[in-house]
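Taking it in order: structure first as structure tokens, then the write-up.
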Number of protein chains: 2
Amino acid sequence: MLKLTKKADYGLMALKYLAEHPEAVALSAKDVADAYGIPAQLLAKILQQLTKKGLLRSHAGMNGGYALARDAREISAFEVILAIDGPFFITSCTKGTKACELTPSCTIKEPLARVNETIAGVLKSISIQDLAEHEHQPAKASEGHGLVALTL
Amino acid sequence: MLKLTKKADYGLMALKYLAEHPEAVALSAKDVADAYGIPAQLLAKILQQLTKKGLLRSHAGMNGGYALARDAREISAFEVILAIDGPFFITSCTKGTKACELTPSCTIKEPLARVNETIAGVLKSISIQDLAEHEHQPAKASEGHGLVALTL
DNA sequence: CTGAATGCGGACCTATCCAGTCGGATATTC
DNA sequence: GAATATCCGACTGGATAGGTCCGCATTCAG
Ligand code: SF4
Ligand code: SF4
């Protein structure tokens with residue numbers, strides 16, 4: 001429950017890797033997969049999805065590969081998750097197909113929706129840059145980018 | 001992904017219902033199930049789990065049922081989820097059995113762990129009382145119980 | 001021109017987990 | 001002792017996540 005999919009996980013790792021290698025014109029899916037031990041074909045599909053959503057630019061052919069479409073600090077973890085796993089909801093009531101049929105009688109879905117938004121806000125406040133920067137570095141308490149007010 | 005299980009969902013609804021009926025000595029699983037249209041047997045098991053974890057007190061026999069073990073504002077949503085779905089992790093690396101084998105090479109699990117803690121903090125800041133109070137009431141911006149600092 | 005490297009995209013398989021059900025035992029009251 | 005409860009384990013069916021396979025399109029080096 002409440003778990004990130006591995007695809008999203010892999011996607012974040014890959015983006016971070018790309019952010020850490022800005023000198024490279026493009027890195028192939030295989031390069032990234034080998035760097036971390038991720039199944040190459042699976043990562044390939046993930047990167048394709050990210051490309052389709054406009055987070056990456058791709059280039060086929062020899063010496064082709066992927067590169068960030070924007071600056072690393074302009075890409076949030078939320079976007080990545082959204083691109084890979086689709087819309088983000090912690091409850092089942094909004095699953096598109098076959099919503100929970102007690103939605104009318106349910107009295108907690110509204111409070112939970114706020115929790116949902118809060119979590120989304122947290123994820124939006126994290127950029128790929130943040131992930132890359134954090135390498136072996138003690139927590140910077142005064143970063144100031146994440147202060148989230150939950151108003152139930 | 002990142003979805004609450006329906007069991008946890010049902011559990012929260014049930015606790016809220018109990019919180020809203022403090023006058024009742026005890027409410028049976030069936031009472032609550034009927035009130036919302038939740039499968040009775042399933043809810044029964046959920047309430048049993050909550051009892052085992054000490055969030056509810058139970059009483060068998062006629063006119064038996066369940067009652068909150070503590071004051072509604074002393075029970076957090078986090079505890080409920082924990083009791084029903086077990087330990088709370090957004091990543092797969094800590095699933096107890098069969099952890100993700102790239103844990104050593106993974107470079108994002110530490111940042112994600114912080115996100116995890118942040119979310120846990122949000123859930124801890126929500127009490128059953130909060131859920132019950134919120135009935136048809138506009139958001140009270142000055143509630144002040146939830147201000148969560150995310151320090152990546 | 002040709003072939004290797006790469007991205008693209010669908011079909012497919014499999015294991016796991018969730019939601020819900022069933023059956024039976026035990027406890028309490030009337 | 002009958003009715004009403006909680007208690008507890010086992011089971012099933014369906015959904016989804018994780019991963020594989022294969023064929024095609026694109027690019028570039030020699
Ligand atoms: S409607 Fe209520 S019970 Fe159904 S999924 Fe949404 S929150 Fe959960
Ligand atoms: S180790 Fe890294 S890849 Fe594996 S589950 Fe944890 S965060 Fe995800």
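Here is the naming used below: chain letters follow the sequence lines, and residue numbers restart at 1 for every chain.
Within 4.0 Å of B:K45, counting heavy atoms only, lies at least one base atom of the nucleic acid. At the heavy-atom level, B:A29 lies under 4.0 Å from the strands shown only through sugar-phosphate atoms.
When rounded to the nearest whole Å, the span between OH of B:Y66 and C1' of D:dT4 equals 13 Å. Atom CG in B:L43 sits about 12 Å away from atom P in C:dT21, given to the nearest Å. The CG-P distance, from B:L50 to D:dC7, rounds to 11 Å in whole Å. Here C:dC17 presents its P atom at 18 Å from CD1 of B:I84, a figure rounded to the nearest Å.
B:R73 places no side-chain N or O within 3.5 Å of a backbone atom of B:I128 that could act as its donor or acceptor partner. With A:D31 contributing its side chain and A:S28 its backbone, the two residues share a donor-acceptor pair below 3.5 Å.
When all heavy atoms of B:G11 and B:I46 are compared, the pair lying nearest together is CA-CG2, 4.0 Å. Of all non-hydrogen atoms in A:L4 and B:S92, the two that sit nearest each other are O-OG, 4.1 Å. Listed here is the closest heavy atom pair of A:A19 and A:A72: CB-CB, 3.9 Å.
A close approach under 4.0 Å does occur between a side-chain nitrogen or oxygen of B:S58 and OP1 or OP2 of D:dC7. Between A:Y10 and the phosphate of D:dA17, there is no side-chain N or O to OP1/OP2 separation shorter than 4.0 Å.
The side chain of B:Q48 lies closest to D:dC7 when the candidates are D:dC7, D:dA5, C:dG7. Of the listed nucleotides (D:dT6, C:dT21, D:dG19), D:dG19 has the atom at the smallest distance from the side chain of A:P39. Proximity note for A:K52 (side chain, C-beta onward) versus D:dC7, C:dA19, C:dG9: the nearest is C:dG9.
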Going 5' to 3' through nucleotides 23-30 of chain C and flagging B where a protein heavy-atom sits under 4.0 Å of the base, S where only the sugar-phosphate is that close, and - otherwise, we get ----BBB-
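Two residues are said to be in side-chain contact when any heavy atoms from C-beta on lie closer than 4.5 Å; B:L47 and B:L56 meet this criterion.
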